[in-house]
Each structure stands twice: as C-alpha cells, then as structure tokens.
Amino acid sequence: MAAGSQQLAVALLSILTGVLSFPLGQETKHTATCGYESCHATKPNMLNVHLVPHTHDDVGWLKTVDQYYYGDRNDIQHAGVQYILDSVVDQLLKNPDRRFIYVETAFFYRWWKQQSSSMQQTVKQLVNEGRLEFVNGGWCMSDEATTHYSAVIDQMTMGLRFLNETFGPCGRPRVAWHIDPFGHAREHASMFAQMGYDGFFFGRLDYQDRARRMIDKEQELLWRASDSLTPPMADLFTGILPNGYNPPQGFCWDQSCDDPPIRDDPDLEDYNVDDVVNRFLNIASAQAAVYKTNHIIMTMGSDFQYENANLWYKNLDKLIHYVNAQQANGIKVNVLYSTPSCYLQELHRANLTWSLKTDDFFPYADDAHDFWTGYFTSRPALKRYERISNSNLQTCNQLEVLGGPVSKIGPFGEGDSQTMKKAMAVAQHHDAVSGTEKQHVANDYARRLANGWQHCQVLVSNSLAALSGSSAQRIYCDNLNISVCPLTESSKKFSVNVYNPLARPVTWPVRLPVSGTAYTVSDAKGEAVDCQVVPVSRATQEVRRNRGFAVNELVFQVQAPPLGYSTYSVSLVKDGLPPTSTKHRAPTVIQNKFLRVTFNPDTGLLSSLSNLETKQSIKLTQNFYWYNASDGNNSQSDQPSGAYIFRPNSSTPFIISQTAKTETIQNSVVQEVRQWFAPWVSQVVRLYADSRVLELEWTVGPLPIDDSLGKEVITRLDTSIKTSEIFYTDSNGREVLQRKKDFRPTWHLRQSEPIAGNYYPINSRAFIKDDVDQLTVVTDRSQGGGSIHNGSLEIMLHRRLLYDDVRGVGEPLNESSNIFPEGLVVRGRLLLSLDRPPTAADAHRPLAQEMVLQPLLTFTDGNLNPNTQLEFSGLQAALPPAVHLLTLTQWDKDSVLLRLEHQFQSWESKVNSQPVTVNLQKLFSTLEVLGVSELNLSANQWKDEMIRFDWKLQTGKKPLLKTFEDPSVWEVTLRPMEIRTFLLRVSLR
C-alpha cells in the first residue's frame, strides 16, 4: 500500500463524503463468498484439472457488435450473445457446483439492461457466490499491437466501472484474460499490473517460443513489464493456456461441435464412458508434463459457445463424475469446475519460483511462414480515424469538465461524451482497430465513431459558448487533411478557435482551403500573424474528388494555451497579391533556423538531413516500394498474405519510381517540395518556419491490382547511421523496446521469413541510432515496420490483397468505397527528428503526444461579438515538460477523474527523467479542488486497498515494494513512467 495513504484516507473522510462510496459500489452482504473464497477444494496429492467453462465473444468481427448481440445474420456465423447469457444463467442455477466466466462488458451491459429486476437479483446472487465470475472485464478484449495506451485505459475503466457499480467487490475481476489477441505487448502487462490484476492468461504465442517453454516448463512466468517503474509495480504473473482457448480435442460439447456426447447408459448402444475417461486421463497427463505444478487448466468453450449451455454442462457434470470415480481405483486425478482466478490461486499457493521475462511477445507466428505482422498496418484509414477519434474524445471530455453542466444542455441542444466513449471502447477490440474484421463491420466501427463525434460536437459547442461568452454557430471541418471546409472556401471573414488538449502550450500549423489569393490573419491580441496562400496540390485535388473546390490553401502558425483555446480572425484582402508560385524543379535545399534538408537534383529525392542547432548531419534518402503479396501458390507453404498475415513472395521490394517529379513552394511560413512518384503515390516534404521537425505527408492509393498482384506498400528511409541491425519501437505509445534483426531475447530463433519475421508494431514512434545520431520517426497511426538493412527503417503504409489468409475473416483485404470505387486512397504524416541520442527523448516525447492529442479547430462565420473572450486556459500554469495530463473527465455530478503521467523512461533524459511534483489545488484555473483520493489505474479500487499476489523469482531476491511519500495531500510526485489516477471533488470557481 502507498505510504501515508491511511492518514490521507482519514483526512479525506470529512471532505469526501459521497465520493468514498465510489469504487466499491454496492455494499455486499457478508454472506458473499466470491473471488478466491468461492473456489472448489482441490486435492494436494493429485493432479487437479481445472475445467473453465467460457465463451469468447468478439465485440464485432464477422458480424457487427449489434448483430452478434441479437444473433442476427446467422447466415454469416451462428452467434447470438443474448441467448448465451440467458442459457448460461439458467444452467448455473441447476447445479451450484457449476461455474462460468464472462469477459466482454460491452455485451453483458446490453444484456443486463434488458433483464427484469428479479433476474438481476438472481444474477447478483450467482456473482456473490462466485458461480458467475467476471474476468478481464473491460468493455472489450483490446488488441495489443495497434492500440494506444490512453484508449485502452479508457475502455478498461469503462467496463470495470459498470461491473463495480452493478455488483460491488464481487464484480471486480482478479485476472486479465487476453485469449485471442495476436501477440502481446509489454505495455499491456504493465497496465494490467497497475490495474490491480493478480495474473494474466493468454492463448497465442510464437510456435517456436511455445516449443521451448514446453520443454523447460516455462509456460507460466513473471513478466516484468517496465524498465522504469519500481518492481513489483509492473510485474504481472503470466500464464500461457494449453490449447489456445479451445477445449482439448474430442471434448467440445457445444451445439457448434460434433464430438460425441458421454453415453453412460450401459443398456443403450455405444456406451463410451471408459473410452472418454481414458482419453481424458491421457490428455491430462500429457498436459501436466509440460506445466510446473499439480494443477492444470482446460478452457471448456470457444467462440460464441454456450448458446445452448445445457449441452456443455450436462456432459461436463458427467465427465467430472466419471473421472473422479476412478479415484477409488487409485487414479490420482481430480477434476473440478473452476475459473482462471481459482487456478491462479493454486499456482500462488504452490509457492514455487518462476522465470522472469522483460521483453514482449511480438511478432507472433503460428508456423514457419505465417507471421501475424500484416495487421499492424491493415485498414490504415480506420486506424487513423480511430486515433483522431481518441483526440476528439479527450477534447470532448475536457470541455465537459471545463464548461460545467451547461456543456451537456446548452444553446446548441443536448450533447454527451458517453456515445463517443462507447464507440471508442468498442474500437479497441482485437478485430476492430486491428483491421481484421469484415468490411461491413469496419464500416460499422467507423459509423459508430462518427456518431459519437456528432454527440460530442454539441457538447463542445455548448462548452466553448460558455467559456467564450459567444453562442455564435460553430462549424466543424473534419476533412481539412484533404483541403475541404465549405465555410473557409466561401467566407470573406471568419474566425478560427484553436483548442489545445495538451497541458502545455502548443504551436501548430493550420492549412485552410480558400478561394481568395490573399488574406490577413490576426491573433487574440489583435496582432497580425504571418500567413501565406499556396495553391492546392494536384494530389489533393485528386483525393478530395468533388467534395471541395478551393484552389488555394491559407497557411499560418497558431499558438494555443494549455488545456485552453485561442481565437484567430481571418479576412479576405481584395485585390491582394497572387499566391506563392510553384517552381517545377527540385530545389537543392530547404532550411529554417533549426533544420537543413537537401535533395538530389537528378532524382528529386531527399539526400541529407542536418540539425543546425546540434551541428549534426546524416545522409538520408527516402523512397516508396511495394512487396508482392504471396498468393499461396508456393513450394514452401501455401500461406497467402491477408488481413492478419504478412507474407511477401520475395525479400526484395519493387521500387515504385527511381525518381520523383517535383514542384517547390517557398515562402515565409512554409517550404515544401511536392513529389510525384506514380499516379497512386505522391508526397509532400514540408518544413515550417519555426519547426524542429521535417514532415513527410504521404498519399498512397488506389493500389493498382489490374496485374492481379496484391501489394504491400512501404516507405523506406536509408541513412548513414550505423545501427548494427538494431532499431527501437514503442509499446502502445509508451515505453520503448529494443528490436534486433533475426533475434528474440528468450529463445534461439530459426528465421524463416526474413521480412515479415522482422516486422514489429509501431504505435507512435520508431527510431534508429548510433553513438552520435538518432533519427526518430513519429507516426500518426499504428503501423508495422522493421529495420531490414543497417541504417534503414521501413514502415508499411497501405496494403491491398486479393486472397483471404485463412484465419477466419473469410474475405481478402481489398478496400474500396463509394468515393473510391477503384480502391482506397490513404493519406498520412510522418514527422522526422534528428537529435543527439542523450537528448532525443526530450524532442520525441512531446512530439508524439502532440500527434495523438491534436488541437481541435472550430470555425465561426463573420465578425465575432466584441465581448467574446478570445483566449482561455483551463490550467493556472503549464505542467512541466515531463508531465502529461492523460485524463480529465467528468465522473459524476461533483467529481472528476484526473490522470497525470510521467512521460519519460528512467534512462531517457538527463533533464526530464527526474521525479516531478504537481500541486493538485494549483492545477486548474476554473475548478476549486475540494477533496482528493487516489485510485488504481482503472479507477475501480482505492489505491491503498489494491493488494496483489506476490511471486517468487528463480533468480534474485523478492523486490520490496518501495513506498514513496508525497510532500502533502495536495502535492503529488510522479516518477518516470508513473501514471497516477485521482478522483477529485470539485466545484466551478
């Protein structure tokens, strides 16, 4: 427990009346024996087989989340979650020994709302007695490769809050359960540890890794998931399930299976009890041989099973009865109904020592040529939309708090953040943002996000009206990336409100589609801002089709205060100067006071990058290539490339063009070189006047397939940096992990796919470095990438494939839409930063947060009322550079949830990898903080009540949990990579 929290709790009781009942939810009667106390007894001198009845219910995959809930479209897949829950509850009541676990709160919440109060009471009793147990408990089971940590924390918090408020402590899951995600991220394990889970079970890992672990009996281990947090803060006991998440062969008794039932009447035909018992004993003993204790677990269930739970339970009852009857004949096997937490408790009681793991479980391969590294990039447009939606949601959450109650019901009507929260939570599912769903399901995820944003727009408009004192209509332009915004295209005078969701001031380039040739821009103080008009590029005209008609873009830099906004007014100048002209050749150089970028005049490609402040320079060339996707007709393996799997049929990619046609624009605000490689690939290399980063804005698509070849398009940066086959990627947007070509830290790798087997997920950044130079690439969405050659970094941008990869989705990843019937066009940005390695994080940490939480622009036509407040900050002062404000969201009427995060690793920065103290009472400008109490990361337990199992390591002493004192109740100290979660009782000043 955290030192001093007892005194803290006492000190708060007086101020926090009404908040303290929170995480615990309903007071359960003392008769409740849920959790570890409700486990069936085991037998110490026998092999105990824990049968875990479960269903794996994807929150969308082959059908949409609603179709799965109702059991609609059974022509696609027979699955109806409402019937599963109906049937399971009915069957649990028939025998108190039976157990069931449920995972996906998104479905359970839908079902619960539709139950009568008497049924709700019945279910509460099952939960209180530990017969129905929740595991994992997030809104969904999130993907681990393509999710950003902030969205994962949000969706876990949402699901766990529902369970807490509905069932109290008996609804709190003790175990994290990621049985299906395709590889496992270290940051996820760190988050689960900080959420208070005692252990973590998953189903999939690399086939070579599993083979080694079976031999060494290391399928259960302790995962140390942070190199910065003091152990055991991010230590998580991790178990690898024996059979993915399926029952052992021959023992599936669901209506969807065809294994024989137990036929136990000796007078009837086909009596098979002896055969079943013998097969079961053989499977159990084989499994026990590769695990460490006299306890083993069997997952009795699979995708959308238990719709007719009677079939399962009738046969499981018999299995338990007939196997245990053999104990009288000296067979030392004991079978019982169990749950993952009951199994975990037995492993903990065994009091053994466990091996330590400090890396992660990427990439995942289930055979020599089957690497699941394609989904790191699959559906790049959805991946970007999910990331923008997260930014919009955080802005919406913040403005709901800062604007007060009027933000929900105000001049623009009723707004809410809940619709967007649910849409974002569903989008974290391992078949959503991962890109591994059917097309109509991907469309549904996007539609949900769009609908959530509509609800949030009303809230944001209401809040900004309250803060600015102006209820003039606000316009949102969600297509600025393709120069579409009807208001700015047609208006002669308008204002731009720039809201900054970061807790530090931000400078940001704005590009607005306009029809005029000259404008004036003034800031909130009425001072002129340097602005320039440039022609819209041909690539942008092609990608926007007929959605907008502006011929020019107005470009200027804006600044916005922390957690606040600034307002800029824009006026057309009659008979103004013409826009900046374009030169039809590559310049040899573009530069500002920080960076110098050179081009090869013969090819039009980049040739070098220099940081003028640090006086360092590297050779840098960049181009676009495509891998020819395997179609499966191959002597080594018939595995094609698909939504999940990346399998190029050659290790050498095709270059799209050796040279780029170029045109150049240079003015006082921006210098850009527009490169054209092919009708389906173009790029702008862009340097803004005050920027320390080089922007590469790529546009790729429609990928041509008239040659019947699937294509996986990459961009590759080749440099003079001496990387020794090592590069670095982030884990879910947080800690950075070292990657080495053809190498895995925990086993001797036999590499069979030289490209796909060296791809890793990049969520927000990747970098290459040597002793003197570090080139960091910050991405705007999750992508796959690798460093195949020394000094090089490649990132996959887009994929279009013609075959299904036989992992269940049942359709090729071949995206098109109404606007792009000939194939999807995708546009995105990479930001390049060149630094000295010891100070590189000081640049890339804030840069990546800026990419994730972007300023929100809203527009108002005409003149603003003279009384409008043109500038506002929700903070009294900017937070220190090491501190990121991760969450600010309304919890209930009088309280808000706040998360503060130290965004540096302990080794990253001389300046910023130090503890930082923040005063919570001096944080907000408009909120009076009346009370504070600290929670665990998922906000479902008081921090000082979060007690987890401790585990012994094979090597080294048990770490003592270091407890640090905060200077006072209001002053909280953050150490590297620490996230602290607070419930604040507040009133508007």
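Here the structure is a predicted model, which is why all the values come from computation and not from measurement. Side-chain atoms are counted along with the backbone in the values below, which use heavy atoms only and exclude waters and symmetry mates.
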For this session: State, without any angle test, whether Gln783 and Thr377 hold a side-chain donor-acceptor pair at a distance under 3.5 Å.
Result: no
For this session: Verify, without hydrogens or angle tests, whether Asn392 (side chain) and Trp453 (backbone) share a donor-acceptor contact under 3.5 angstrom.
Result: no
Problem set entry | Lys741 NZ: over 12 foreign heavy atoms closer than 6.0 Å | yes
Exercise. Is the number of heavy atoms from other residues, nucleotides or ligands under 6.0 Å of Gln738 CD greater than 12?
Worked result: yes
Exercise. So, Asn600 versus Ser607: side-chain donor-acceptor pair below 3.5 Å or not?
Worked result: no
Exercise. Is a side-chain donor-acceptor pair under 3.5 Å present for Thr567 with Ser495?
Worked result: no
Exercise. Heavy-atom distance under 4.5 Å between the side chains of Leu512 and Phe556, does that happen here?
Worked result: yes
Exercise. For Asn912, which residues count as a side-chain contact (heavy atoms from CB on, under 4.5 Å) partner, sequence neighbours excluded?
Worked result: Asp842, Pro881, Ala882, Phe904, Ser909
Problem set entry | Check: Val673 and Val684 side chains under 4.5 Å, non-hydrogen atoms | no
For this session: Check for a donor-acceptor pair, side chain of Ser610 on one end and backbone N or O of Leu612 on the other, with a separation under 3.5 Å.
Result: no
Exercise. When you measure from the side chain of Tyr476 to the backbone N and O of Gln457, does any donor-acceptor pair fall under 3.5 Å?
Worked result: yes
Exercise. Do we see a donor-acceptor contact under 3.5 Å between the side chains of Gln683 and Glu697?
Worked result: no
Problem set entry | Ser724: side-chain contact (heavy atoms from CB on, under 4.5 Å) partners, not counting sequence neighbours | none
For this session: For the residue pair Thr779 and Arg765, confirm or rule out a side-chain donor-acceptor distance under 3.5 Å.
Result: no
For this session: Only pairs at least two apart or in different chains count here, so list each salt bridge (charged side-chain N to carboxylate O under 4.0 Å, His left out) that has a residue in residues 843-852.
Result: Arg504-Glu850, Arg845-Glu908
Exercise. If we ignore angles and hydrogens, is there a donor and acceptor under 3.5 Å between the side chains of Thr664 and Lys583?
Worked result: no
For this session: Answer yes or no: is there a side-chain heavy-atom contact under 4.5 Å between Val498 and Trp508?
Result: no
Problem set entry | Non-neighbouring partners of Arg674 that pass salt bridge (Lys or Arg N to Asp or Glu O under 4.0 Å), sequence neighbours left out | Glu663, Glu672
Exercise. Does the side chain of Thr598 come under 3.5 Å of the side chain of Ser608 through a donor N or O and an acceptor N or O?
Worked result: yes
Exercise. Please, which pairs that meet ring pair (Phe, Tyr, Trp, His ring centres under 6.0 Å) have at least one residue in residues 830-862, sequence neighbours excluded?
Worked result: Phe767-His844
Exercise. Hey, what's the ring geometry for Tyr759 with Tyr627, parallel, tilted or perpendicular (30° and 60° as the breaks)?
Worked result: perpendicular
Exercise. Within 45° of the ring axis of Phe594 and under 6.0 Å from its six-membered ring centre, is that where the NZ or CZ of Arg692 lies?
Worked result: yes
Exercise. Would you say Glu794 and Tyr625 make side-chain contact, with heavy atoms under 4.5 Å?
Worked result: no
Problem set entry | Trace of the side-chain contact (heavy atoms from CB on, under 4.5 Å) decision for Leu577 with Thr517 | CA-CA 7 Å; Leu577 295 165; Thr517 61; over 6 Å; no
For this session: Step by step, work out the side-chain contact (heavy atoms from CB on, under 4.5 Å) result for Asn611 and Asp835.
Result: CA-CA 7 Å; Asn611 180 328; Asp835 305 278; 4.2 Å; yes
Exercise. Would Glu822 and Arg545 pass as an ion pair if we require N to O under 4.0 Å?
Worked result: yes
Problem set entry | Short side-chain donor-acceptor distance under 3.5 Å, Ser483 and Glu553 | yes
Seminar exercise, completed: In short, disulfide bond (SG atoms under 2.5 Å apart) pairs touching residues 483-515 with sequence neighbours left out are Cys477-Cys485
Exercise. Are Glu712 and Ser641 close enough that some pair of their side-chain heavy atoms sits under 4.5 Å apart?
Worked result: yes
Seminar exercise, completed: Taken to the nearest 0.5 Å, the spacing of Leu853 CG from Ser150 OG works out to 6.5 Å
Exercise. If you draw a 6.0 Å radius around CZ in Arg829, do more than 12 non-hydrogen atoms from other residues or ligands fall strictly inside?
Worked result: yes
Problem set entry | Rounded distance (nearest 0.5 Å) linking atom CG of Leu797 with atom CD1 of Ile714 | 8.5 Å
Exercise. If you measure from CG on Asp730 to OH on Tyr760, what distance do you get to the nearest 0.5 Å?
Worked result: 14.0 Å
Exercise. Between Phe624 and Trp698, does the ring centroid distance fall short of 6.0 Å?
Worked result: no
Problem set entry | Arg800 bridged to Glu815 by N-O distance under 4.0 Å | no
Problem set entry | Listed once per pair and sorted, the salt bridge (charged side-chain N to carboxylate O under 4.0 Å, His left out) pairs that draw on residues 771-784, sequence neighbours left out | Arg384-Asp780, Asp773-Arg836
Exercise. What residue pairs, at least two apart or across chains, pass salt bridge (charged side-chain N to carboxylate O under 4.0 Å, His left out) with a residue in residues 555-576?
Worked result: none
Exercise. With a cut-off of 6.0 Å (strictly less than), are more than 12 heavy atoms of other residues, nucleotides or ligands near NZ of Lys493?
Worked result: yes
For this session: For the pair Ser873 (side chain) and Gly564 (backbone), establish whether a donor and an acceptor sit closer than 3.5 Å, ignoring hydrogens and angles.
Result: no
Problem set entry | Polar contact flag, side-chain donor to acceptor under 3.5 angstrom, Glu542-Thr540 | no
Problem set entry | Phe549: partners by ring pair (Phe, Tyr, Trp, His ring centres under 6.0 Å), with sequence neighbours left out | none
For this session: Taking the side chain as every heavy atom from C-beta outward, state whether His789 and Leu793 have any pair of such atoms under 4.5 Å apart.
Result: no
Exercise. Atom CG of Asn667 and atom OG1 of Thr580: how far apart are they, to the nearest 0.5 Å?
Worked result: 4.0 Å
Exercise. Under the 3.5 angstrom rule, does the side chain of Arg547 hit a backbone N or O of Arg544 as a donor-acceptor pair?
Worked result: yes
Problem set entry | Test side chain to side chain donor-acceptor pair (under 3.5 Å) applied to Asn500 - qualifying residues, sequence neighbours left out | none
Exercise. Does the Asn552 side chain pair with the main chain of Val533, one donor and one acceptor, at a distance under 3.5 Å?
Worked result: no
Exercise. What distance do Ile665 atom CD1 and Arg686 atom CZ have between them, rounded to the nearest 0.5 Å?
Worked result: 9.0 Å
Exercise. With a 4.5 Å heavy-atom cut-off, do Thr699 and Val681 have their side chains touching?
Worked result: no
Problem set entry | Ser515 side chain to Ser490 backbone, donor-acceptor under 3.5 Å | no
Exercise. Just how far is it from atom OG1 of Thr146 to atom CG of Asn732, taken to the nearest 0.5 Å?
Worked result: 8.5 Å
For this session: Please check if the side chain of Thr488 supplies one atom and the backbone of Pro513 the other of a donor-acceptor pair under 3.5 Å.
Result: yes
Exercise. Taking 4.0 angstrom as the limit, do Lys593 and Asp690 come out as a salt bridge?
Worked result: yes
Exercise. Who passes side-chain contact (heavy atoms from CB on, under 4.5 Å) against Ala539, sequence neighbours left out?
Worked result: Ser537, Ser682, Arg827
Seminar exercise, completed: By side-chain contact (heavy atoms from CB on, under 4.5 Å), Thr621 pairs with (sequence neighbours left out) Asp718
Problem set entry | Check: Arg596 side chain, Ile590 main-chain N or O, donor-acceptor pair, under 3.5 Å | no
For this session: Check whether any side-chain heavy atom of Leu687 sits under 4.5 Å from a side-chain heavy atom of Val670, and report yes or no.
Result: no
